[in-house]
Each structure stands twice: as structure tokens, then as C-alpha cells.
Amino acid sequence: MKEATIEPKNEGVTEEELAAIAKFSRRPLKAEEVYTFSLVLCDNDLDRDFECFTKEALGTLGELFVGRTGIFDHDPSGEKQNARIYKTWVEEEEGRLNFLGEPYLALHARAYMVRTAKNADLILEIDAGIKKEVSVGCAVEKATCSICGADRRKEPCAHQPGKRYQKALCYTRLSEPSDAYEWSFVAVPSQPAAGVTKSHGAAKALRLTPERALLQMETGELHLDRASAEALRAHIGVLEEKSLAGERYREELLYDVRRFTLLTEPDLSAGLLEKSLAPLSVEELRVLRELAEKRADRRFAPRVQTAPDREAPEQPFDHYKI
């Protein structure tokens with residue numbers, strides 16, 4: 001089978017672009033030696049993980065992604081490197097709004113690769129629209145819950161992205177990017193608009209839930225460096241601490257429900273009561289405790305022991321007389 005070939009001709013690479021590319025090459029490259037293409041790395045719209053970058057975050061990411069390498073499926077091995085970004089800019093799409101009704105903004109980039117027989121098939125696939133979707137790997141300092149404002153990285157809250165609370169959609173705002181690792185060709189990007197010329201952003205390790213991060217590591221979609229692994233470990237530690245606090249609260253609720261219920265229903269089997277309480281949620285136990293406590297208060301209402309019995313007939317006190 002013959003390999004696909006691409007005619008080494010000038011594809012409109014300008015001198016300005018060659019100068020920008022020269023910052024990353026060991027020698028100045030000629031126009032016929034390089035292949036360039038455009039990408040959209042990420043935007044300020046809601047992605048499949050119910051996350052979105054702020055306007056300021058897109059600007060910072062633009063600076064961080066200049067010079068970052070392109071790979072496949074977030075595999076950090078050197079042999080997977082195939083392209084490099086040499087220019088980025090944030091662009092507003094006129095007439096388009098994001099999910100919040102704000103102007104739609106996207107982080108665009110220009111990338112280059114060297115024309116060789118080895119990557120001729122890849123270049124052809126990019127031109128044909130086969131290799132199109134991309135995903136970005138980056139770190140952000142803040143991942144803010146849209147409902148309560150909690151930073152999910154430091155103090156995870158109970159609100160679940162994608163659910164509605166009082167008709168308000170819960171999502172995560174990503175801000176203050178601190179690093180950009182790489183961008184990668186993937187089959188299914190996280191941000192639906194990201195890709196080659198129409199791009200998409202995806203697996204940001206520090207913004208994933210621990211469960212999702214572990215799943216992506218098992219499938220090979222996610223690779224963590226030391227800093228990301230330490231941040232994920234700290235995040236899991238916070239969740240475990242909150243889980244222990246929740247378990248202690250549940251045990252306190254169970255104790256109170258048992259105590260109040262057995263006071264009012266002494267003939268009730270303790271085993272049957274325990275079995276009936278086991279599947280209840282914390283909120284259900286809290287409501288049940290309030291009801292059981294009110295019932296116990298009514299049954300065992302306090303009585304004043306020194307008060308005279310008003311209905312009792314008067315007693316003669318002749319035996320007290322002298």
C-alpha cells in the first residue's frame with residue numbers, strides 16, 4: 001500500500017508566521033518545510049462537564065499555550081508529539097451568545113508541524129477533517145460553584161454540576177489558570193466547539209471529580225504530573241474528612257430517633273426499628289427525629305409536683321388541733 005503524500009509547496013505561510021515559528025525551531029524554517037493550521041482550544045461556553053472558562057481565564061490561557069506541543073489522546077510520551085502552537089488570540093463571534101447570554105468568546109490558535117513522509121498521512125487527515133477535535137490539558141487555581149460560590153478544589157460543596165437548584169443550573173466557573181500542559185487530538189472532546197479550526201477543550205485533571213479523574217486514568221485518557229496528583233490527593237482528603245463528619249452526624253440522628261421512638265413505643269422490637277431506619281437518608285432521619293422528639297415531649301410532659309389537686313375535696317384538719 002502506497003503512503004499518502006503531500007506536495008511540498010508553499011501553503012500561504014507568511015514571513016511573520018515563519019518568524020514566530022523560528023522562536024521554537026533550532027534553525028529558521030522555509031515556508032515549504034512547514035504545515036500550519038488553525039485551532040479553537042476552548043471557549044466561555046458550557047462544556048460536557050458543565051464547566052466554563054471565564055473571559056479573563058481565556059486571555060491567560062492564550063499566553064500559557066504559546067509554545068505548547070500537540071499530542072494524541074493526552075499521551076505525554078515524546079513520540080506522540082506532532083505539532084506546536086506559535087500564536088493564540090481570543091476572538092468574539094459576532095451575533096453568538098454563550099449559555100449565560102453573554103458574548104461568545106473562543107481561544108483560537110495557530111499551530112505548525114514539519115512536512116515529512118512520516119506525518120504526511122496526518123496532514124492529509126487534518127485537511128480532510130478526519131483529525132479535527134482537540135482537547136486541552138491545563139491547571140486552574142479556582143473552580144467555583146455557580147450556586148454557592150465554593151471553590152470545588154479546596155472546599156467541595158454538595159451541589160452537583162448539571163443539576164438545578166431553585167431553577168438555577170449548577171455549573172463550575174474556571175478561573176485563574178496557572179499552567180497549560182498540552183493540547184491533544186481526541187475522538188470526543190469535552191467542549192463541543194473545540195477542534196481544528198473549530199476546536200474543543202477537555203480533560204483538565206484538577207477540575208475533575210475524583211471519581212471521573214480515576215476513571216479517565218484507568219482508560220488512559222488522563223495522565224497526571226506530580227503537582228496534579230498532589231492536588232487530586234488533597235481534594236480526595238477533603239472529601240474524606242467531610243464524609244467522616246457526615247457519618248458522625250448520621251449516627252447522632254440514629255441514636256436520637258432510636259431513643260425517642262423506644263420511649264413512646266416500648267413494645268417495638270429494637271431490631272425491627274434498626275432495620276427500618278437503615279435505608280433512610282440523612283434528611284429523612286432529621287425529619288423523623290423531629291417528629292419522634294415532639295411525640296416523646298407530649299407523652300412525657302413535665303408536671304409540677306407541689307401543685308394541689310384542685311378537684312380533691314377539702315380534708316378536715318381536726319387531728320392538728322390541740
Side-chain angles (χ1 to χ4, degrees), residues 40-61 90-107 133 135-136 138-177 188-195 198-216 231-232 235-236 238-243 245-247 249-250 253 279-291 294:
V40 176
L41 296 171
C42 49
D43 55 30
N44 66 341
D45 217 343
L46 204 61
D47 66 15
R48 292 187 175 92
D49 296 319
F50 294 97
E51 299 174 338
C52 71
F53 288 107
T54 63
K55 175 182 179 180
E56 295 74 18
L58 292 179
T60 303
L61 283 173
V90 177
E91 184 175 311
E92 178 180 336
E93 186 172 326
E94 186 176 355
R96 180 176 176 180
L97 303 177
N98 67 1
F99 75 107
L100 292 173
E102 301 171 343
Y104 173 81
L105 301 171
L107 175 58
E133 289 76 23
S135 167
V136 297
C138 62
V140 296
E141 293 300 313
K142 290 186 178 180
T144 308
C145 172
S146 64
I147 301 299
C148 65
D151 188 344
R152 297 187 186 279
R153 289 191 55 204
K154 299 176 181 178
E155 297 180 354
C157 62
H159 299 118
Q160 298 183 29
K163 289 191 175 183
R164 291 188 177 274
Y165 299 86
Q166 301 292 330
K167 297 184 178 181
L169 177 66
C170 178
Y171 63 94
T172 305
R173 289 190 298 269
L174 306 175
S175 58
E176 299 184 16
V188 181
S190 177
Q191 289 191 318
K198 296 179 182 176
S199 191
H200 191 77
K204 305 104 182 177
L206 300 182
R207 301 171 8 234
L208 301 175
T209 63
E211 294 79 8
R212 187 177 180 87
L214 292 173
L215 177 62
Q216 291 192 7
L232 181 59
H235 181 61
I236 293 175
V238 172
L239 292 179
E240 289 177 342
E241 184 177 347
K242 291 196 173 187
S243 177
E247 286 299 320
Y249 180 58
R250 179 182 175 83
L253 290 174
L280 298 184
S281 66
V282 170
E283 180 60 23
E284 290 170 334
L285 287 173
R286 187 188 64 78
V287 173
L288 188 58
R289 182 186 65 176
E290 292 180 357
L291 294 175
K294 289 179 180 179

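Predicted model, so just to flag it, every value in this text is computed and none were measured. Residue numbers run from 1 in the order of the sequence given.
Separating the NZ atom in Lys55 from the OG1 atom in Thr60 is a distance of 12.5 Å, to the nearest 0.5 Å. To the nearest 0.5 Å, atom CG of residue Asp151 and atom SG of residue Cys157 are 10.0 Å apart. The line from OG1 of Thr144 to CD of Glu176 is 8.0 Å long, rounded to the nearest 0.5 Å. With rounding to the nearest 0.5 Å, the separation of CD in Glu91 from CG in Leu107 is 10.5 Å. Distance check: Leu280 CG to Arg289 CZ gives 14.0 Å after rounding to the nearest 0.5 Å. For the atom pair CG (Asp45) and CZ (Arg96), the distance works out to 6.0 Å, reported to the nearest 0.5 Å.
The existence of a salt bridge linking Arg286 and Glu283 is confirmed by a sub-4.0 Å separation between a basic side-chain nitrogen and an acidic carboxylate oxygen.
The two atoms that bring Ser175 and Val140 nearest to each other are O-CB, 3.5 Å, heavy atoms only. When all heavy atoms of Leu174 and Ala143 are compared, the pair lying nearest together is CD2-CB, 4.0 Å. Closest heavy-atom contact between Ile147 and Cys170: CG1-CB, 3.7 Å. Shortest non-hydrogen contact noted between Pro103 and Glu92 is CB-OE2, 3.5 Å.
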task = Verify side chain to side chain contact (heavy atoms under 4.5 Å, CB included) between Leu100 and Tyr171, making sure each step is shown before the conclusion.
result = CA-CA 11 Å; Leu100 292 173; Tyr171 63 94; 3.5 Å; yes

request  = I would like to know whether Cys42 and Leu61 meet side chain to side chain contact (heavy atoms under 4.5 Å, CB included); could you show each step before the answer?
outcome  = CA-CA 9 Å; Cys42 49; Leu61 283 173; 3.9 Å; yes

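A donor-acceptor pair shorter than 3.5 Å can be found between the side chains of Asp43 and Tyr104.
The shortest side-chain heavy-atom distance between Leu253 and Val282 falls under the 4.5 Å cut-off. A heavy-atom distance below 4.5 Å is not found between the side chains of Leu105 and Phe53. Between Pro177 and Cys138 the shortest side-chain heavy-atom distance does not fall below 4.5 Å. Considering only heavy atoms from C-beta on, Arg173 comes within 4.5 Å of Ser146 through its side chain.
Evaluated for a side-chain hydrogen bond (donor to acceptor under 3.5 Å, both in side chains) with Thr172, the options His159, Lys142, Arg152, Glu51 yield exactly one hit, Arg152.
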